[in-house]
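By convention in this document, chain letters (A, B, ...) are assigned in the order of the sequence lines, proteins followed by strands, and residues within each chain are numbered from 1. Keep in mind that what you see is a predicted model, and the values were worked out from it rather than measured.
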2 protein chains.
Amino acid sequence: MRRDIFQAIADPTRRAIIALIAVQSMTPNAIAENFNTSRQSISKHLRILSECELINQEQQGREIYYSLKIEKMKEIDDWLEQYRNIWETRFNQLENILSRLKKE
Amino acid sequence: MRRDIFQAIADPTRRAIIALIAVQSMTPNAIAENFNTSRQSISKHLRILSECELINQEQQGREIYYSLKIEKMKEIDDWLEQYRNIWETRFNQLENILSRLKKE
DNA sequence: TATTTGCGAAACCAAATAGTTGCATTTATA
DNA sequence: TATAAATGCAACTATTTGGTTTCGCAAATA
């Protein structure tokens, strides 16, 4: 069973959940209100996000507040780093070509 | 059928293919040599990457050279932007707290 | 020309996924 | 105390996924 951050963000519903709880912690019910799917399916997504260590949960009485572990999102950023180098190099090369063309 | 860049990078084999062809364009056979899976399964991954518009292909005789559309990777970076703001803010807040503690 | 090579596509299969329904448990409230 | 609300979990289902095997086609080569 693959359980990494790339798996976590592959599903559009999970990306939407991430966007919601990035702003403020929310209960499963409150999250589910934003989708036209059942509360249980949201709970399953939350479990997956939890297994990927992408979210925190805090029990408050009978409610559980979920929030985003923002630092985990940085892992994607780290992975992207190698490609960012490539596209910036290409962009600079393009700039050089353009400025050379301009001079001629 | 979901076919977006997040789907594309969800699979570890596809991430490895992306890493390979980011450096230089390669044929399916050459790519497959780097994995212990069949050429056909690599071809299927290439088709998915193609449907996500993540790769270019260039026919050369009977060989097809695949390369990464690096600018497409930037889409992930754009999506990350919103979260980058959050984690940088939090980091700055932490820094402020630390420097205040230091002064006291 | 006959054979080999590189490739994509189709048919098939097992496992994973996303969703549902139906519980059980704990906490709040009438 | 009885009931309602918030939640997680298990069982089940349909669909998707990643892989294999087999095939056909076009290009290279003997």
Using whole Å, what does the distance between atom [atom2] of nucleotide [N] and atom [atom1] of [X] come to?
{"X": "A:L46", "N": "C:dT17", "atom1": "CG", "atom2": "P", "value": "16 Å"}
{"X": "B:D11", "N": "D:dG18", "atom1": "CG", "atom2": "P", "value": "5 Å"}
{"X": "B:Y65", "N": "C:dC7", "atom1": "OH", "atom2": "C1'", "value": "13 Å"}
{"X": "B:D4", "N": "D:dT17", "atom1": "CG", "atom2": "P", "value": "11 Å"}
{"X": "A:F35", "N": "C:dT20", "atom1": "CZ", "atom2": "C1'", "value": "18 Å"}
{"X": "A:Q57", "N": "C:dT26", "atom1": "CD", "atom2": "P", "value": "16 Å"}
{"X": "A:R47", "N": "C:dT20", "atom1": "CZ", "atom2": "P", "value": "16 Å"}
{"X": "A:I42", "N": "D:dG8", "atom1": "CD1", "atom2": "P", "value": "12 Å"}

Sugar-phosphate only, base, or nothing, as touched by A:I48 at under 4.0 Å among non-hydrogen atoms: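 Result for A:I48 = sugar-phosphate.
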
Distance-minimising heavy-atom pair for A:R14 and A:A8: NE-O, 2.8 Å

Using a 3.5 Å cut-off and no angle test, enumerate the donor-acceptor pairs between side-chain atoms of residues 68-80 of chain A and protein atoms at least two apart in sequence or in another chain.
| from | atom 1 | to | atom 2 | distance (Å) |
| --- | --- | --- | --- | --- |
| A:K72 | NZ | A:E75 | OE2 | 3.0 |
| A:D77 | OD1 | A:R84 | NH2 | 3.0 |
| A:D77 | OD1 | B:R84 | NE | 3.4 |
| A:D77 | OD1 | B:R84 | NH2 | 2.7 |

By side chain to side chain contact (heavy atoms under 4.5 Å, CB included) - contacts of [X] (at least two apart):
{"X": "A:L98", "answer": "A:L94"}
{"X": "B:I55", "answer": "B:I21, B:L46, B:L49, B:S50, B:Y66"}
{"X": "B:T13", "answer": "B:D11, B:I17, B:F35, B:I42, B:H45"}

Residues within residues 14-34 of chain B bordering DNA chain C, heavy-atom distance below 4.0 Å: B:T27, B:P28, B:N29

Which nucleotide, [options], lies nearest any side-chain atom of [X]?
{"X": "B:Q7", "options": "C:dT17, D:dG19, D:dT17", "value": "D:dT17"}
{"X": "B:H45", "options": "C:dG8, D:dT17, D:dG19", "value": "D:dG19"}
{"X": "A:S38", "options": "C:dT21, D:dG8, C:dC7", "value": "C:dT21"}

Presence of A:S43 side-chain N/O under 4.0 Å of D:dG8 phosphate oxygens OP1/OP2: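 Result: yes.
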
Shared hydrophobic cluster, A:Y83 / B:I31 (ILVMFWY, side-chain heavy atoms < 4.5 Å):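 Yes, A:Y83 connects to B:I31 through the hydrophobic network.
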
Single-linkage hydrophobic cluster, 4.5 Å side-chain cutoff, B:I86 and A:I9 together: yes

Sequence-distant partners of [X], side chain to side chain donor-acceptor pair (under 3.5 Å), two or more places apart:
{"X": "B:S41", "result": "B:T37"}
{"X": "A:S67", "result": "none"}
{"X": "A:E63", "result": "A:Y65"}

Distance-only donor-acceptor test, B:K44 side-chain atoms vs C:dG8 base atoms, 3.5 Å: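 Answer no: no donor N or O sits under 3.5 Å from an acceptor.
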
Salt bridge (Lys or Arg N to Asp or Glu O under 4.0 Å) partners for A:R15, two or more places apart: B:D4

Pairing string, 5' to 3', for DNA chain C - Watson-Crick or wobble contacts under 3.5 Å, brackets [ ] where pairs cross, | to another strand: ||||||||||||||||||||||||||||||

Heavy-atom protein contacts under 4.0 Å, nucleotides 22-30 of chain D, coded B base, S sugar-phosphate only, - none: B----BS--

Inter- and intrachain pairs under side chain to side chain donor-acceptor pair (under 3.5 Å), touching residues 16-35 of chain A, at least two apart: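 Qualifying pairs, neighbours excluded: none.
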
